[in-house]
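Down below is the structure, laid out as structure tokens.
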There are 2 protein chains.
Amino acid sequence: MTPRNKELNEKVKDERREQILSNSLRLFAKKGLAATKITDISKATGISQGLLYHYYKSKDEIFIELLREGYNKMIEAALGLESLPLTPLEKIKMAIEKLLQGFEENKDTAYYYLLINQASIFEAIPDEAKEIVKSRSLLHEVITRIITAGQKDGTFKNYDPKDMAVVFWTSLNGLAIYNAIQGEDFKPPDANILIGIFIED
Amino acid sequence: MTPRNKELNEKVKDERREQILSNSLRLFAKKGLAATKITDISKATGISQGLLYHYYKSKDEIFIELLREGYNKMIEAALGLESLPLTPLEKIKMAIEKLLQGFEENKDTAYYYLLINQASIFEAIPDEAKEIVKSRSLLHEVITRIITAGQKDGTFKNYDPKDMAVVFWTSLNGLAIYNAIQGEDFKPPDANILIGIFIED
DNA sequence: AATTACATTGAATAAAATTTCAATCAATGG
DNA sequence: CCATTGATTGAAATTTTATTCAATGTAATT
């Protein structure tokens, strides 16, 4: 009865979704949600506009899915890092280095950062997206805990750990944006400069 | 012949322009260029859509004027700072403190930052805007010079001054964004944390 | 009070973008 | 090779946004 293998069909569908998401991520990051038109996405993906609606019911839905993906990746990375058997200083170093390296190697890392920024800054984004970015505080909490531990063991400077976490995230975020602006020309600064925020060297 | 005093008329016109610009700045910063509609601007300014076109021939034109204003303010501030009779360390301190203070006191400061970011990041902005943001490098150069001076006199750490300038600007930029996200809740972090990038303390 | 200049309006028009949908196509199991 | 399913298309319909413009209002000048 079934005219086509169910699994294969699902696979094709997943691949299409994947293509749409990956092109949308790049476009949203480079042009912004509002400036990215449905036709931009379908053209970039190489499909008709109609087909896009077969997979997603709106641009917003795609944006939300990407945002959720991005957030999950970041939170996973942060919690993973926290649970590693490393000293607080090693954890902070690793976070900075991995991120800088991520920017260079894989554009998606930076793209997700830009998406999250858009969702955080702009009012004109879907409510569901606004909900997702509220979990931003979770990331601050992870870093705050690592910093507090680093202060207890005496390696870190003794400023308010929340302030330090703010500086940590905002600096990396600033670098993500700088990376996006520079494009191919991006050369990450020496990670030790940033580490100087946390320790005397 | 002239039915109305020329100067008064000019003054009224300037005020209107001012109103339009000030409302546009806020809207562009909070919603982004593409998501800000002409009707948003006219409604916020309390004028008809038609009148908007009497003053500016497009949304882009308003954006470009604001961007130019913002850039000029920043470059003026940076060059002014550089020429003050202060030590390099005092200059860097002053830059950080003034900026953090500016964010708290005057929303426009942060709004201009967001505008510049949009113009830098997004592809879908007018060519003229792209031209303006190229002068971003001027700001990096000013800070690089101050840092180099601070290294000569022995107060600053000895990383590549260009790298340090990048970290300086990206960190402040990150804070500007954080400030925008937090809104009224924004509490600037202790400026000394950032100063730790430059000196041992 | 009449004239003039131009700010201002609001609605009409044009352009752009989104969404829907009937028709076609392609693959597969029977 | 036929029937079925659902992916895919392209264009029509709808909605949103930008732009133009004829008509009106207002205040200063003569």
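Chain letters run A, B, ... following the sequence lines, proteins first and then strands; every chain starts at 1.
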With sequence neighbours left out, what residues match [X] under side chain to side chain donor-acceptor pair (under 3.5 Å)?
X	value
B:Lys152	none
A:Thr155	A:Asp153
A:Asn173	A:Asn117
A:Glu76	none

Legend entry - Test side-chain contact (heavy atoms from CB on, under 4.5 Å) applied to B:Lys162 - qualifying residues, sequence neighbours left out: B:Thr144, B:Asp160

Legend entry - For atom CG of A:Leu51 and atom C1' of C:dA23, their distance in whole Å: 15 Å

Legend entry - Between C:dG10 (C1') and B:Tyr53 (OH): distance, integer Å: 14 Å

Legend entry - Terminal axes of the helix from C:dA1-D:dT30 to C:dG30-D:dC1 (five pairs each): angle between them, nearest 10 degrees: 0°

Under 3.5 Å, which donor-acceptor pairs do the side chains of residues 184-192 of chain B form with other protein atoms, sequence neighbours left out?
residue, atom, partner, partner atom, Å
B:Glu184, OE2, B:Lys107, NZ, 3.1
B:Lys187, NZ, A:Asp163, OD1, 3.0
B:Asp190, OD1, B:Asn192, N, 2.9
B:Asp190, OD1, B:Asn192, ND2, 3.2

Legend entry - salt bridge (Lys or Arg N to Asp or Glu O under 4.0 Å) involving B:Lys30 - partner list, sequence neighbours excluded: A:Glu123

Legend entry - Partners meeting salt bridge (Lys or Arg N to Asp or Glu O under 4.0 Å) with B:Lys57 (sequence neighbours left out): B:Glu61

Legend entry - Contacting residues from residues 20-49 of chain A, given that a heavy atom lies under 4.0 angstrom of DNA chain C: A:Lys37, A:Ile38, A:Gln49

Could you list the donor-acceptor pairs under 3.5 angstrom formed between side-chain atoms of residues 78-87 of chain A and any protein atom two or more places apart in sequence or on another chain?
residue, atom, partner, partner atom, Å
A:Glu82, OE1, A:Arg145, NH2, 3.0
A:Glu82, OE2, A:Arg145, NE, 2.6
A:Glu82, OE2, A:Arg145, NH2, 3.4
A:Ser83, OG, A:Gly80, O, 2.9
A:Thr87, OG1, A:Glu90, N, 3.1
A:Thr87, OG1, A:Glu90, OE1, 3.2

Legend entry - Distance (rounded to the nearest 0.5 Å) between B:Tyr56 OH and B:Ile38 CD1: 12.0 Å

Legend entry - Positions of residues 54-64 of chain A (non-hydrogen atom under 4.0 Å from DNA chain D), listed by number: A:His54, A:Tyr55

